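Take a look at the structure set out below.
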Amino acid sequence: MTWGVDFTTQARTDLVGLEPGVNESLIDTLMAWMADGPPRDNGRVMLGIEFYEAVIADDYLMAYSVDESRQRFVVLWLRSQPGTTPAP
C-alpha cells in the first residue's frame with residue numbers, strides 16, 4: 001500500500017529557502033513513510049485536531065496529521081526546533 005501526502009499552504013511557505021540538506025532530509029523522511037504510513041509519535045491535540053511531530057535534519061520539527069481511512073497524511077508546518085539554531 002502507498003500512503004499519500006499533502007501540504008498545507010503554511011507548510012509550503014515554510015519550505016521556501018531551506019538549506020539543501022534539510023530539503024533532502026525532509027524528502028527522505030516523507031518517502032520512507034509512503035510505504036507504511038507515518039509514525040504516531042509525539043501526539044498532541046490542538047483545536048480538536050490531532051497531530052504529530054517529527055524531527056527533520058536535527059534542527060526542525062515537522063507537524064503532520066494522519067487520515068487513516070484515506071491513507072493520507074498532511075504536513076501542517078515546519079519550524080525550528082526549540083533550543084536549536086539552524087545552519088545559515
Side-chain angles (χ1 to χ4, degrees):
M1 298 211 142
T2 301
W3 282 68
V5 61
D6 297 308
F7 294 84
T8 63
T9 301
Q10 180 62 54
R12 290 182 188 277
T13 301
D14 294 341
L15 297 175
V16 174
L18 290 176
E19 312 81 61
V22 175
N23 277 326
E24 290 172 18
S25 180
L26 177 67
I27 297 293
D28 289 347
T29 298
L30 297 177
M31 293 302 292
W33 293 356
M34 299 299 273
D36 298 321
R40 300 341 180 255
D41 301 327
N42 301 318
R44 301 169 193 239
V45 176
M46 182 176 13
L47 300 173
I49 298 171
E50 184 173 23
F51 69 95
Y52 306 90
E53 292 181 312
V55 176
I56 303 294
D58 295 327
D59 293 328
Y60 293 88
L61 285 176
M62 178 182 66
Y64 57 95
S65 184
V66 178
D67 184 342
E68 292 280 348
S69 65
R70 294 180 49 221
Q71 288 194 293
R72 297 191 72 77
F73 58 97
V74 61
V75 177
L76 303 170
W77 63 80
L78 184 71
R79 297 281 188 257
S80 296
Q81 187 167 226
T84 64
T85 305

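Everything numeric here is computed off the predicted structure, so don't read it as measured data.
Distance check, rounded to the nearest 0.5 Å: CD1 of I56 to OG1 of T29 gives 3.5 Å. Atom CZ of R79 is separated from atom OH of Y60 by 11.5 Å, given to the nearest 0.5 angstrom. The distance from the CG atom of L78 to the CG atom of L76 is 11.0 Å, given to the nearest 0.5 Å. Remark: L18 CG to S25 OG distance equals 10.5 Å, nearest 0.5 Å.
In terms of heavy-atom proximity, W3 sits nearest to R72 at CE3-N, 3.5 Å. For the pair V66 and R40, the tightest heavy-atom approach, listed with the atom from each and the gap, is CG1-NH2, 3.6 Å. Here the closest heavy-atom approach between residue A11 and residue V75 is recorded as CB-O, 3.3 Å. Scanning both residues, L30 and V5, for their nearest heavy atoms gives CD2-CG2, 4.4 Å.
Between the side chains of E19 and N23, no donor-acceptor pair is found at a separation under 3.5 Å. A donor-acceptor contact closer than 3.5 angstrom links the side chains of D67 and S69.
The ring pair (Phe, Tyr, Trp, His ring centres under 6.0 Å) check on W33 picks up Y64, F73, with sequence neighbours excluded. Under the ring pair (Phe, Tyr, Trp, His ring centres under 6.0 Å) criterion, F7 pairs with no residue at all, not counting sequence neighbours.
Residue pairs meeting the salt bridge (charged side-chain N to carboxylate O under 4.0 Å, His left out) criterion with at least one member in residues 46-55, sequence neighbours excluded: R44-E53.
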